[in-house]
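Scope of the values below: all heavy atoms of this structure, side chains included, with no hydrogens, waters or symmetry mates. One-based numbering along the sequence shown.
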Amino acid sequence: MNGDSDMTLAFELEALKQLASPESVFEDARGWTEYIGVVSEKPTYVVTNFTRKNRIRQDFFSGPRGKAESLEGVKNQFDTDRYVFVGADEEDEALADDVGWEYLAVDDAAEAAEWVLATTAGAEEDDAEPVRDDWP
């Protein structure tokens, strides 16, 4: 990222799931963002379960609203110079454009911030020495 700390950063839940360590991503991003959270079309309990399981402390979440309404609400509630939405697909990119947020694909965000994608982490584990499962 560019080191601009006056930023609100929102992750689409599916984009966040593509990262190997969402907890580490949030910890890292807190160093250069003002506010950070998760938005999703999924029910609130799905987002809450994911964030609790991954020990993610967020400043906002979508709640029972859709992503568009959530992003608009966050923009109205949190006054920062930039609003960046990390998404997973072209729908997320179109949504960001519609609500006046900058869009960043999760792959590009991971590369820029040196976050590990879950697919990359899995590939690294595949290269590791096999574990014996015949040992008591």
Please check if atom [atom1] in [X] has more than 12 non-hydrogen atoms from other residues, nucleotides or ligands closer than 6.0 Å.
{"X": "Glu91", "atom1": "CD", "value": "no"}
{"X": "Asn76", "atom1": "CG", "value": "yes"}
{"X": "Glu111", "atom1": "CD", "value": "no"}

In terms of hydrophobic clustering (I, L, V, M, F, W, Y; side-chain heavy atoms under 4.5 Å; direct or indirect links), are [X] and [Y] co-clustered?
{"X": "Val106", "Y": "Tyr83", "value": "no"}
{"X": "Leu104", "Y": "Val39", "value": "no"}
{"X": "Val84", "Y": "Leu13", "value": "yes"}

Where is the tightest heavy-atom contact between [X] and [Y], given as atom of each residue plus distance?
{"X": "Ala15", "Y": "Val86", "value": "CB-O, 3.7 Å"}
{"X": "Ala29", "Y": "Trp115", "value": "CB-CZ2, 4.3 Å"}
{"X": "Trp32", "Y": "Asp28", "value": "NE1-O, 3.3 Å"}
{"X": "Ala96", "Y": "Tyr103", "value": "CB-CB, 3.7 Å"}
{"X": "Val99", "Y": "Ala68", "value": "CG1-O, 4.0 Å"}

For this session: For the pair Asn54 (side chain) and Pro22 (backbone), establish whether a donor and an acceptor sit closer than 3.5 Å, ignoring hydrogens and angles.
Result: no

At what distance, to the nearest 0.5 angstrom, does [atom1] of [X] lie from [atom2] of [Y]?
{"X": "Asp98", "Y": "Glu93", "atom1": "CG", "atom2": "CD", "result": "11.0 Å"}
{"X": "Leu9", "Y": "Arg82", "atom1": "CG", "atom2": "CZ", "result": "9.0 Å"}
{"X": "Phe85", "Y": "Lys75", "atom1": "CZ", "atom2": "NZ", "result": "13.0 Å"}
{"X": "Gln58", "Y": "Leu16", "atom1": "CD", "atom2": "CG", "result": "9.0 Å"}
{"X": "Lys42", "Y": "Lys67", "atom1": "NZ", "atom2": "NZ", "result": "9.5 Å"}
{"X": "Ser21", "Y": "Glu27", "atom1": "OG", "atom2": "CD", "result": "7.5 Å"}

Test item: [X] and [Y] side chains (from C-beta on) under 4.5 Å apart, heavy atoms:
{"X": "Leu95", "Y": "Glu12", "answer": "no"}
{"X": "Leu117", "Y": "Leu19", "answer": "yes"}
{"X": "Glu34", "Y": "Met7", "answer": "no"}
{"X": "Asp89", "Y": "Asp92", "answer": "yes"}

For this session: Please lay out, stage by stage, how Thr51 and Val38 fare under the test side-chain contact (heavy atoms from CB on, under 4.5 Å).
Result: CA-CA 9 Å; Thr51 56; Val38 180; 4.2 Å; yes

Problem set entry | Phe26: partners by ring-ring contact (aromatic ring centres under 6.0 Å, His included), with sequence neighbours left out | Phe11

For this session: Dump the intermediate steps for salt bridge (charged side-chain N to carboxylate O under 4.0 Å, His left out) on Lys17 and Glu14, then the final yes or no.
Result: CA-CA 5 Å; Lys17 288 179 176 180; Glu14 295 308 313; 3.6 Å; yes

For this session: Answer yes when Asp59 and Arg30 have at least one side-chain N-carboxylate O distance shorter than 4.0 Å, and no when they do not.
Result: yes

For this session: Could you list all the ring-ring contact (aromatic ring centres under 6.0 Å, His included) pairs where at least one residue sits in residues 40-77, not counting sequence neighbours?
Result: Phe60-Phe78

Exercise. Are Ser40 and Ser62 close enough that a side-chain donor and a side-chain acceptor fall under 3.5 Å?
Worked result: no

